[in-house]
Amino acid sequence: MDNTESSFIDGDIGKLLYRGYDIHDLAEKSTFEEIVYLVLYGELPNHAQLEELDGYLRANRRIPDEIITVIDAVQSAHPMDVLQTAMIGLAAFDEESEDNSKEANIRKALRLTAKAPTIVTAHHRVRSGLEPVAPNPDLNHAGNFLFMLFNEIPDDETVSLMDVDFILHAEHGVNASSFAARVSASTNSTLHAAVSGAVGALKGPAHGGAAEEVMKMSIEIGNPENAEEYARKKLDNRERIMGFGHRVYRAEDPRARHLRERSQALGEKRGDPRWFQILTHLSEDVMAPYRDRGIYVNVDFYAGSIYHLLGIPSDLFIPIFALGRVPGWSAQCIEQYENNILLRPRLHYVGPMDREYVPIDER
Ligand code: CMC
């Protein structure tokens, strides 16, 4: 097993640390900007360090017009495909794209973190027949994302909700997408290539796609009373209930708690508690027996209900996960570059051996 200093997970007790700090402290007390600093530099920033990083993020949100043209050309694709395309396209406009020094990679990581929300929101506006909204330097990272999405200054509570969501998604060890990024980095490919590859790996429903699937499931269920029958049918067919289970956690995913509380509060505030009720019935009653097998809710279980209540279209749920994860992917790559070894697993060959080649006319 290789060493890492980025994050620690104890799946048996549901413990998660970013650079040694407990996720509960970080979710309750810090901001996404602080987490970006922590994940990339290994320490929590002081005021001056935070101000500098925040200023850098705010100054680097704009994306080149050429990238908007690319987004326009591929607008019918899934937002994750557009994000991946635009992110790798940004390499063409980044003078440091081929510089794999740690300092350059941290700067690129910050630029990618700053620009990713601009890509996602510009795409959503373009495909909706609207003009992209320019970044607003007066808003923090989370607030600016919401502003560019809806062209409205968001209220503080919504900004704080999105900020916590980004914090909870910022880093999570060598999950599938971070591993994909590390594999690219292990060939000494560039950060743009590694991070855009990670976007592709995150897209699948077994990884980042679960929040969208949970919301689809909640809409199909419609009412808490239907939850049991719906889940029973799925489980009898040996299908999975989205938002449950995790490769590492055999206890509740510690990130879920923060989104559960916020999903409940937002549902009540918006006069639409139904989604939270459906989710609660699923987790507390229907799926409770599965806890003995280590199957609990994961980070994606409550996230979809929050995004839905905020009026965010369901195919933007995975991109939101990606926006939070850019610093984590980058930190994983930087670790990989620092102590590099080519990641090249071997598979056990089970196909036929030594077959005789038959010319095409004789087949
Ligand atoms: N619903 C019902 N049964 C499940 C579920 C679930 N969500 N997850 C696992 N199981 C069962 C599975 O059927 C298997 O049963 P059996 O031993 O009888 O065949 C057993 O638990 C072990 O499953 P596994 O696939 O070997 O477990 P895994 O560790 O490979 O799976 C997982 C992890 C996340 C792919 C899986 O739990 C899953 O598909 N969950 C639903 C999708 C989801 O919510 N993904 C988001 C993950 S968290 C965000 C992120 O970090 O990406």
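Start at 1 and go down the list; that is how both ligands and their atoms are numbered.
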field: Beyond-backbone contact of Met148 with Pro132, side-chain heavy atoms, under 4.5 angstrom
entry: no
- request: Assess whether side chain to side chain contact (heavy atoms under 4.5 Å, CB included) is satisfied between Ile219 and Trp275, documenting all intermediate values.
  value: CA-CA 8 Å; Ile219 290 169; Trp275 311 116; 3.9 Å; yes
- prompt: Do the side chain of Arg19 and the main chain of Ser7 share a donor and acceptor less than 3.5 angstrom apart?
  reply: no
message: Contact between ligand 1 and Arg238 is defined here as a heavy atom of the residue under 4.0 Å from a ligand atom; is it met?
response: yes
message: Out of Lys234, His169, Arg240, Met242, who is nearest to atom 38 (C) of ligand 1 when you count heavy atoms only?
response: Arg240
query: Which is closest to atom 34 (C) of ligand 1 by heavy-atom distance: Ala256, Gly245, Pro205?
result: Gly245
field: Closest to atom 43 (C) of ligand 1 among Ala210, Gly209, Ser177 (heavy-atom distance)
entry: Ala210
- request: Could you tell me whether ligand 1 has any atom less than 4.0 Å away from a heavy atom of Arg325?
  value: no
message: Donor-acceptor check, side chain of Lys203 to backbone of Gly209, threshold 3.5 angstrom: yes or no?
response: no
- line: Among non-hydrogen protein atoms, atom 17 (O) of ligand 1 lies closest to Arg293 NH2, 4.0 Å
task: Identify, by atom number and element, the atoms of ligand 1 in contact range of Leu235, meaning under 4.0 Å from any of its heavy atoms.
output: 2 (C)
task: For residues His141 and Glu33, determine if any side-chain heavy atom of one lies less than 4.5 Å from a side-chain heavy atom of the other.
output: yes
field: Between Tyr249 and His172, ring centroids under 6.0 Å
entry: yes
query: Going by heavy atoms, is Val214 under 4.0 Å from ligand 1?
result: no
- prompt: Does a donor on one side chain and an acceptor on the other come within less than 3.5 Å for Asn237 and Lys234?
  reply: no
message: I want to confirm something. Looking only at heavy atoms, which of Val299, Ile241, Asp300, Ile295 is nearest to atom 7 (N) of ligand 1?
response: Ile241
- request: Flag yes if more than 12 heavy atoms outside Glu261 fall under 6.0 Å of its CD atom; otherwise flag no.
  value: yes
message: What protein heavy atom lies closest to atom 51 (O) of ligand 1? Include the residue and the distance to one decimal.
response: His246 NE2, 3.7 Å
field: Closest protein heavy atom (residue, atom, distance) for atom 50 (C) of ligand 1
entry: His207 ND1, 3.5 Å
message: Just checking Glu157: does its CD atom have more than 12 heavy atoms from other residues, nucleotides or ligands closer to it than 6.0 angstrom?
response: no
message: Tell me the protein heavy atom at minimum distance from atom 30 (O) of ligand 1, and give that distance in Å.
response: Arg247 NH2, 2.7 Å
query: Are the side chain of His258 and the backbone N or O of Leu168 linked by a donor-acceptor pair below 3.5 Å?
result: no
message: Heavy atoms only: which of Phe244, Phe301, Tyr249 lies closest to atom 40 (N) of ligand 1?
response: Phe244
message: Is there a polar contact between ligand 1 and Gly243, counting only N or O atoms under 3.5 Å apart?
response: yes
- request: Tell me which protein heavy atom sits closest to atom 47 (C) of ligand 1, plus the residue, atom name and distance to 0.1 Å.
  value: Asn298 ND2, 3.6 Å
task: With the side chain counted from C-beta on, respond yes when Asn100 and Lys108 share a heavy-atom pair under 4.5 Å apart, and no when they do not.
output: yes
query: Considering only heavy atoms of Arg250, which atoms of ligand 1 have at least one such atom less than 4.0 Å away?
result: 29 (O)
task: Starting from atom 45 (N) of ligand 1, find the nearest protein heavy-atom neighbour and note its residue, name and distance.
output: Ala206 O, 3.2 Å
